[in-house]
Participant: 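Have a look at this one before I ask anything.
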Amino acid sequence: MTIILDWVPMEAVSRIGLCTVYVCLCHGVTDSEIRDAATAGCEEMSELTMRTGCGSSCGSCIETASGLLNEVHGRGAQDALEAAPLALPIIAEAA
């Protein structure tokens, strides 16, 4: 049984492995899977999408997933903005 104290920040709980945080609900991709992929050499969102499917459906996880990739690789917020874009042709055609 795991007891999580309510005063512990959620991101800290996730980082030390006390719980699973799903980043991509469409494909069931967790924060630890994204960190593992980044540690294994995945640097861009497009590569993460190919490896895990993360970001390929609704796209609502792209910002968080990109942030995790950038966190693992030590990139700042500006780098995150440059690395995050992922072409989603459906969105471009919807307007």
Side-chain angles (χ1 to χ4, degrees):
M1 181 169 90
T2 301
I3 298 172
I4 299 174
L5 302 174
D6 63 352
W7 52 268
V8 178
M10 191 59 176
E11 68 180 32
V13 170
S14 170
R15 285 189 186 150
I16 58 176
L18 292 178
C19 69
T20 299
V21 177
Y22 284 89
V23 175
C24 178
L25 295 177
C26 297
H27 296 280
V29 181
T30 65
D31 63 323
S32 59
E33 290 173 318
I34 294 171
R35 286 189 177 96
D36 289 346
T39 302
C42 179
E43 294 197 23
E44 303 296 327
M45 189 63 210
S46 58
E47 184 178 354
L48 182 68
T49 300
M50 289 188 302
R51 288 184 183 203
T52 65
C54 182
S56 66
S57 291
C58 76
S60 65
C61 60
I62 293 173
E63 185 176 342
T64 302
S66 295
L68 288 170
L69 287 176
N70 289 317
E71 177 185 301
V72 171
H73 292 294
R75 295 186 291 232
Q78 183 59 35
D79 294 331
L81 292 175
E82 293 172 6
L86 177 65
L88 296 175
I90 296 171
I91 293 174
E93 295 173 9

Participant: Any donor and acceptor pair, going by atom type alone, linking the side chain of Thr49 with main-chain N or O of Cys54 inside 3.5 Å?
Facilitator: yes
Participant: So, for Arg35 and Val72, which heavy atoms are closest and what is the spacing to 0.1 Å?
Facilitator: CG-CG2, 3.8 Å
Participant: Taking C-beta and beyond as the side chain, do Val23 and Thr30 meet within less than 4.5 Å on heavy atoms?
Facilitator: no
Participant: Using a 3.5 Å distance criterion without hydrogens, assess whether the side chain of His73 forms a donor-acceptor pair with backbone atoms of Thr39.
Facilitator: no
Participant: Measure across Leu48 and Ala65 and return the closest heavy-atom pair with its distance rounded to 0.1 Å.
Facilitator: CD2-CB, 3.9 Å
Participant: Minimum heavy-atom separation for Gly55 to Met45, with atom names?
Facilitator: CA-CE, 4.2 Å
Participant: Closest heavy-atom contact between Glu47 and Glu43?
Facilitator: OE1-N, 3.7 Å
Participant: May I ask you to check whether Thr52 and His27 show a side-chain donor-acceptor distance below 3.5 Å?
Facilitator: no
Participant: Specify the closest pair of heavy atoms between Glu33 and Gly28, including all atoms of both residues, with the distance to one decimal.
Facilitator: OE1-O, 3.4 Å
Participant: Would you find a donor on one side and an acceptor on the other, under 3.5 Å apart, between the side chain of Ser56 and the backbone of Gly53?
Facilitator: yes
Participant: Could you report the tightest heavy-atom contact between Ala38 and Leu69, atom names first, then the distance?
Facilitator: CB-CD2, 3.7 Å
Participant: With rounding to the nearest 0.5 angstrom, report the CG to OG distance, Leu25 to Ser57.
Facilitator: 11.0 Å
